[in-house]
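Below is one structure, written out as structure tokens; comments come after it.
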Amino acid sequence: MKSTSMIGLLTVSLFSFSVSVAQQKPYVSTPPPTSPMPMRPEMTEIWEPEVKVITPGKKAGEASSDAIVLFDGKNLDQWVSQRDKTKAPAWKIINNDYFEVVPGTGGIETKLPFGDCQLHIEWSAPDEVEAGGQNRGNSGVFFQNRYELQILDSYNNRTYRNGQAGSIYKDHAPLVNVMRSPAEWNTYDIIYTAPRFKANGDLDAPARITVLHNGVLVQNNVTITGLTNYIGLHNYPSAHGEDVIALQDHSCKTQYRNIWIRRL
């Protein structure tokens with residue numbers, strides 16, 4: 001015969017087990033009619049925060065309401081001389097419409113620094129064709145004052161492919177040549193992603209750039225491999241942050257108009 005103490009212990013254990021089972025949450029032991037259960041449209045709808053509203057330009061190529069206008073034909077107040085940053089550019093404004101490089105006066109740069117950005121710029125080769133190759137309408141747009149998108153009269157003008165209009169200078173040739181004649185205006189619409197650097201100064205992610213030349217894609221999110229040097233390999237400099245947009249004086253009377261930029 002079992003002792004009274006053993007019976008009592010068994011009774012307590014059974015009682016505890018019954019309480020434990022009673023406290024367990026109910027669970028589903030049968031599958032739903034459809035597995036996996038169908039999603040509702042609301043499950044993938046994100047409402048907040050609401051997307052910021054800006055006003056686009058009324059015409060193609062016009063600045064949006066959130067853009068910084070760098071030149072609209074009136075003045076060069078957003079720019080300084082690269083030779084003396086305390087002075088205004090020596091380049092000429094013509095007919096309150098466009099400005100023209102004055103050869104020998106040096107490049108110009110924005111007063112404001114930029115990193116990731118969208119840039120719209122319109123440009124034309126000199127009205128008179130006076131030379132060929134790299135001496136024909138040569139200039140350039142430098143992002144962060146270091147990485148050059150080439151400007152050149154590549155209309156019926158053969159030169160090295162990674163140095164013609166639309167190239168990332170001596171880095172990436174354009175996908176196609178869509179240059180207009182010197183009597184016409186060209187447009188660049190550019191999306192630029194600045195390089196990132198680690199805390200110790202090492203490169204973390206290289207710069208990238210997308211370029212539409214006259215509405216045609218010529219650089220498709222390409223990686224910029226470093227400083228776009230005239231001589232030597234392209235390597236990244238020491239770590240840096242935002243810097244100016246610069247336009248080059250390459251002894252050619254290249255012309256510019258309708259320049260605006262958006263921070264990204």
Side-chain angles (χ1 to χ4, degrees), residues 1-68 114-120 143-144 147 149 166-168 171-176 178 187-226 234 236 239-242 260-264:
M1 293 180 64
K2 294 180 180 179
S3 66
T4 303
S5 59
M6 287 293 293
I7 294 173
L9 181 60
L10 180 59
T11 302
V12 170
S13 297
L14 290 173
F15 176 77
S16 299
F17 176 75
S18 299
V19 170
S20 176
V21 170
Q23 290 176 342
Q24 287 183 355
K25 295 181 179 179
Y27 62 93
V28 178
S29 59
T30 55
T34 304
S35 181
M37 296 180 69
M39 293 191 71
R40 298 190 306 273
E42 296 83 359
M43 292 178 177
T44 52
E45 294 174 0
I46 301 173
W47 286 74
E48 301 295 343
E50 187 176 359
V51 176
K52 179 182 177 181
V53 176
I54 65 169
T55 304
K58 292 182 179 179
K59 298 178 182 179
E62 288 186 344
S64 59
S65 61
D66 65 339
I68 298 170
F114 298 95
D116 298 352
C117 63
Q118 174 187 350
L119 178 69
H120 175 89
F143 291 86
Q144 295 181 286
Y147 314 105
L149 169 60
S167 65
I168 309 308
D171 201 343
H172 295 283
L175 296 172
V176 288
V178 290
T187 63
Y188 278 162
D189 287 288
I190 306 148
I191 306 299
Y192 174 75
T193 302
R196 269 58 173 172
F197 296 90
K198 298 178 181 178
N200 65 0
D202 291 344
L203 181 69
D204 190 23
R208 303 188 69 82
I209 193 167
T210 296
V211 181
L212 281 81
H213 182 187
N214 295 328
V216 177
L217 185 68
V218 295
Q219 299 290 350
N220 188 11
N221 194 31
V222 299
T223 297
I224 298 176
T225 58
H234 293 184
Y236 272 89
H240 63 84
E242 292 187 344
W260 52 268
I261 192 167
R262 296 178 65 243
R263 298 184 187 277
L264 300 178

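Keep in mind it's a predicted model, so treat the numbers as computed, not measured.
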Open item on the list: Is any side-chain heavy atom of Pro174 closer than 4.5 Å to one of Ser167?
Closed with: yes
Task: Residue Met37 excluded, over 12 heavy atoms near CE under 6.0 Å - done: no
Open item on the list: Minimum heavy-atom separation for Thr223 and Pro206, please, with both atom names.
Closed with: CG2-CG, 3.5 Å
Open item on the list: In the structure I gave you, are the side-chain heavy atoms of Phe143 and Leu119 within less than 4.5 Å of one another anywhere?
Closed with: yes
Open item on the list: Do Thr210 and Gln219 have side chains that approach each other closer than 4.5 Å (heavy atoms only, starting at C-beta)?
Closed with: no
Open item on the list: Quick check for you: to the nearest 0.5 Å, what is the distance between Asp66 atom CG and Ile261 atom CD1?
Closed with: 11.5 Å
Open item on the list: Is it the case that the side chain of Arg196 and the backbone of Ala194 share a donor-acceptor pair, with hydrogens and angles ignored and the cut-off at 3.5 Å?
Closed with: yes
Open item on the list: Can you give me the closest heavy-atom contact between Glu62 and Lys58, atom names plus distance?
Closed with: OE1-N, 2.9 Å
Task: Distance in Å, Gln144 CD paired with Asp116 CG, rounded so as to fall on 0.5 Å steps - done: 8.0 Å
Open item on the list: Between His120 and Tyr188 (judged by ring centroids, cut-off 6.0 Å), do the two rings come close enough to count as a pair?
Closed with: no
Task: From CG (Asn214) to OG1 (Thr187), nearest 0.5 Å - done: 4.5 Å
Open item on the list: A side-chain contact here means heavy atoms from C-beta on lying under 4.5 Å apart; do Tyr147 and Tyr192 qualify?
Closed with: yes
Open item on the list: Counting C-beta onward and ignoring hydrogens, is there a side-chain heavy-atom pair between Arg262 and Ile54 closer than 4.5 Å?
Closed with: yes
Open item on the list: Which residue is it: Asp171, Ile168, Ile224? I am looking for the one with a side-chain contact (heavy atoms from CB on, under 4.5 Å) to His234.
Closed with: Asp171
Task: Ile68 side chain reached by Arg263 side chain, heavy atoms, under 4.5 Å - done: yes
- [ ] Would you give the length of the straight line joining atom NE2 of His172 to atom CD1 of Ile209, rounded to the nearest 0.5 angstrom?
- [x] 9.5 Å
Open item on the list: Quick check for you: to the nearest 0.5 Å, what is the distance between Asp204 atom CG and Lys198 atom NZ?
Closed with: 5.5 Å
Open item on the list: Once rounded to the nearest 0.5 Å, what's the spacing between atom CD of Glu42 and atom CD of Glu45?
Closed with: 5.5 Å
TODO: Search all heavy atoms of Tyr236 against all heavy atoms of Pro195 and return the closest pair with its distance.
DONE: CE2-CB, 3.8 Å
- [ ] Provide the closest heavy-atom pair for Ala67 versus Trp260 in the form atom of the first, atom of the second, distance.
- [x] CB-CE3, 3.8 Å
